[in-house]
There are 2 protein chains.
Amino acid sequence: MTVSRAANEAAKAQHPARKDAEDASIELGELSELLGYTLKRAQLKIFEDFLRCMAPLQLTPAQFSVLLLLDRNPGRNQTEIANTLGILRPNFVAMLDGLESRDLCARIRSVNDRRSHHLVLTDKGKAVLARAKKLVAAKHEARLNELLGADNRAALVGMLAKIAEQF
Amino acid sequence: MTVSRAANEAAKAQHPARKDAEDASIELGELSELLGYTLKRAQLKIFEDFLRCMAPLQLTPAQFSVLLLLDRNPGRNQTEIANTLGILRPNFVAMLDGLESRDLCARIRSVNDRRSHHLVLTDKGKAVLARAKKLVAAKHEARLNELLGADNRAALVGMLAKIAEQF
DNA sequence: TGATAATTGTTATGCATCATATCAAAATAG
DNA sequence: CTATTTTGATATGATGCATAACAATTATCA
């Protein structure tokens, strides 16, 4: 599980009285100004919190993104969905297997092109997605707005999107 | 290699005239407003560019961060360095083996505590780090400033650091 | 002091992610 | 009709990340 790392840190925090005690704490130096470094660390934290908020539904960020896409774009095939999410087709197969085995989505053989599958959410899938959205909004994103402020949060997302697209 | 994905995309870009052609392009929906999603994608792009810039020195972001830390904090042991970088000690062993086999750093048995190693950069390690810093500044970070502007870039790093620490 | 516990580096191992090659079935191009 | 391409799928390997366990060493404390 992904909580273990946090639990590990928490365990250390309970023993501040040791030779351990950060021993003249280490200098990060230019590391703290490196975008890649902060980016990676922030991403891990965000995913960790996402998993925590989504624990009752047992959805990973990747799975959530698939459900969102299928909801907005019903009937697309695996290649299309996988491509827009940056998932390689071979790896997307097992992922879909998992969602399908939980009856969250379904593969429907296309009549036009019998190689491909139309992907759709099941009713259960739609229900789970609706609950998931609420959890994300209420627990995850709300906490972000609290930490950064709505304006800053929007600006942050904007800059990240710009990097993701134009870099 | 990590370039292959980009090469793959490039290959597709050369064939815009297919049934493929993004076929009434897929709606991202609320995905584009999800911080976790943009964060992950931006992080991948940044790491990809970092690797490209650092190709002549063959340093990964993780390796670069280790060299930086060793430079600023010579004589620390493996546990200390690994902990501050969020690397688990078992995984740090192989990583150090790699750097040490390239003569970039060295493990020096401590006389006070013969269990631990003092970690230091070799002369070659210092030289490589110096070149690496220049590459990062000239190629990588410069491009970011160009895309976002220096002020926005600083604000971005600040917000990410806040998330990484306080979330 | 001496028995017990904790720490350090290490190995082994498992799981998840990611990437490539390859394949059969089906569709498309020429 | 033949050759190529596309789709979903399988097998496979590399890498990152996490846990358990171990020997050597050090710290704790009764």
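A note on names: the letters A, B, ... follow the listed sequences, proteins ahead of strands, and every chain is numbered from 1.
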Please report the distance, rounded to the nearest Å, between CG in B:N91 and C1' in C:dA16.
13 Å
A:H117 NE2 - C:dA25 P separation (whole Å)
14 Å
Most 5' of B:V111 and A:K40 on DNA chain D, judged by nearest nucleotide:
A:K40
Indicate, yes or no, whether a donor-acceptor pair under 3.5 Å links the base of D:dT6 to the side chain of A:R115.
yes
Side chain of B:D113 only, please: which of C:dC18, D:dT25, C:dG9 is the nearest?
D:dT25
DNA chain C: A:P90 or A:T60, which has the more 5' nearest nucleotide?
A:T60
Out of D:dG8, C:dA12, C:dG9, which nucleotide sits closest to the side chain of A:N77?
D:dG8
Return no unless some side-chain N or O of A:Q78 is found under 4.0 Å from OP1 or OP2 of D:dT6.
no
To the nearest angstrom, how far is A:E48 atom CD from D:dG16 atom P?
20 Å
Proximity to the side chain of A:R114 - top-ranked nucleotide from D:dA20, D:dG8, C:dA27
C:dA27
Do B:L104 and B:K124 pass the side-chain contact (heavy atoms from CB on, under 4.5 Å) test, and can you show the C-alpha distance, the side-chain angles, and the key distance before you say yes or no?
CA-CA 6 Å; B:L104 298 180; B:K124 184 181 173 191; 4.2 Å; yes
For B:S116 and D:dT25, is the shortest distance between a side-chain N/O and OP1 or OP2 below 4.0 Å?
no
Intermediate values then yes/no, salt bridge (charged side-chain N to carboxylate O under 4.0 Å, His left out), A:R72 and B:E30:
CA-CA 9 Å; A:R72 290 265 179 179; B:E30 33 248 295; 2.7 Å; yes
Decide whether A:R76 and A:H118 meet the rule of one side-chain donor and one side-chain acceptor closer than 3.5 Å.
no
Side-chain contact check for A:V93: nearest option of C:dA26, D:dA20, D:dA9 is D:dA9
Heavy-atom closest pair (B:P74 atom, B:V120 atom, distance to 0.1 Å) is CB-CG1, 4.5 Å
